[in-house]
Amino acid sequence: MSEAVAPDVFRAAVGRLPAGVAVITLRWRGTLHAMTASAITSVSLDPPMLLFCVHTDARFRDALDDVDTWSVSVLADDQGHTADWLASPGRPAIDQLARVPHRPAPVSDAVWVDGAAAWFDCRTESVHRAGDHDVVVGSVLAAEQGSADAGGLVHLRGRLRPVR
């Protein structure tokens, strides 16, 4: 059996894999919670499903034990500031979305970030432990596209990069 790859070596190599950037939101105990995610992908067209990954010790992960609906806002190319803010360690749990324009999501009781390239409302179908993260698989309950000229935001080599 071979030895495991060192975490810093893995992080550097996987950083070459471009990943779309999204904001996941949910309402827990009367408060909106949000996180930036770059580990998110479509899983199935029939039925429509998405997945995202969340660190096992994140406050957002705790909320998923009580709440089964959440939203995804796929960030546009000009929303790097939003991604950075909602990925900031130590940001307040209360009013963390006060500086982020948003509107109520149609199904999930969460919110959609204004100006995003696309939005989804989802219901958790399963959660799978995967090392220091959990993989959350959700059925898509609602989907909408943003502006036709919106680009995307990707995480590559440790930086956010706009894509058109």
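- A 6.0 Å sphere centred on CZ of Arg91 holds more than 12 heavy atoms belonging to other residues, nucleotides or ligands.
- Around atom CZ of Arg103, more than 12 heavy atoms belonging to other residues, nucleotides or ligands sit under 6.0 Å away.
- For Arg99 and Asp95, the salt-bridge test fails: no basic side-chain N is under 4.0 Å from an acidic carboxylate O.
- Val111 and Ile40 are assigned to two separate hydrophobic clusters, defined by single-linkage of ILVMFWY side chains at heavy-atom distances under 4.5 Å.
- Ile94 and Leu97 are members of different hydrophobic clusters when ILVMFWY side chains are connected at heavy-atom separations under 4.5 Å.
- Nearest approach of Ala76 to Leu153, heavy atoms of both residues: O-CB, 3.6 Å.
- In summary, the side chains of Thr124 and Trp70 do present a donor paired with an acceptor at a separation below 3.5 Å, with no hydrogens or angles considered.
- Side chains of Glu144 and Trp112 form a contact here, defined as non-hydrogen atoms less than 4.5 Å apart.
- Listed for the Arg27 side chain is no donor-acceptor partner under 3.5 Å among the backbone atoms of Val67.
- Around atom CZ of Arg159, no more than 12 heavy atoms belonging to other residues, nucleotides or ligands sit under 6.0 Å away.
- Between the side chains of Thr31 and His33, no donor N or O sits under 3.5 Å from an acceptor N or O.
- Screening Asp62, Asp65, Asp66 for a salt bridge (Lys or Arg N to Asp or Glu O under 4.0 Å) involving Arg29 leaves a single residue, Asp66.
- Here the side chain of Ser44 pairs a donor or acceptor atom with the backbone of Asp46 at under 3.5 angstrom.
- Using a 4.5 Å heavy-atom cutoff, the side chains of His102 and Leu32 are in contact.
- Using cut-offs of 30° and 60° on the angle between ring planes, the pair His133 and His55 is perpendicular.
- Residues Met35 and Val74 are members of one and the same hydrophobic cluster, defined by side-chain heavy-atom contacts under 4.5 angstrom among Ile, Leu, Val, Met, Phe, Trp and Tyr.
- By the 4.5 Å heavy-atom criterion applied to side chains, Val72 and Leu50 are counted as neighbours.
- Residues Thr69 and Val107 fail the side-chain proximity criterion, which asks for heavy atoms closer than 4.5 Å.
- Using a 4.5 Å heavy-atom threshold, the side chains of Val127 and Val137 count as separate.
- Put simply, the side chain of Phe60 reaches to within 4.5 Å of the side chain of Leu26, judged on heavy atoms.
- Remark: Glu125 CD is packed, more than 12 non-hydrogen atoms of other residues, nucleotides or ligands lying under 6.0 Å away.
- Annotation: side chain of Val100 is in contact with side chain of Val113 (closest heavy-atom distance under 4.5 Å).
- Using a 4.5 Å cut-off on side-chain heavy atoms (C-beta onward), Leu64 and Val136 make contact.
- Using a 4.5 Å cut-off between side-chain heavy atoms of Ile, Leu, Val, Met, Phe, Trp and Tyr, with links allowed through other members, Val23 and Val54 fall into different hydrophobic clusters.
- Comment: Asp77 does not engage Arg161 in a salt bridge, judged by the lack of any side-chain N to carboxylate O separation of less than 4.0 angstrom.
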Criterion side chain to side chain contact (heavy atoms under 4.5 Å, CB included) on Asp84 and Leu160, from CA distance to verdict: CA-CA 9 Å; Asp84 285 340; Leu160 295 173; 3.2 Å; yes
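- Thr25 and Ser71 share a side-chain donor-acceptor pair at under 3.5 Å.
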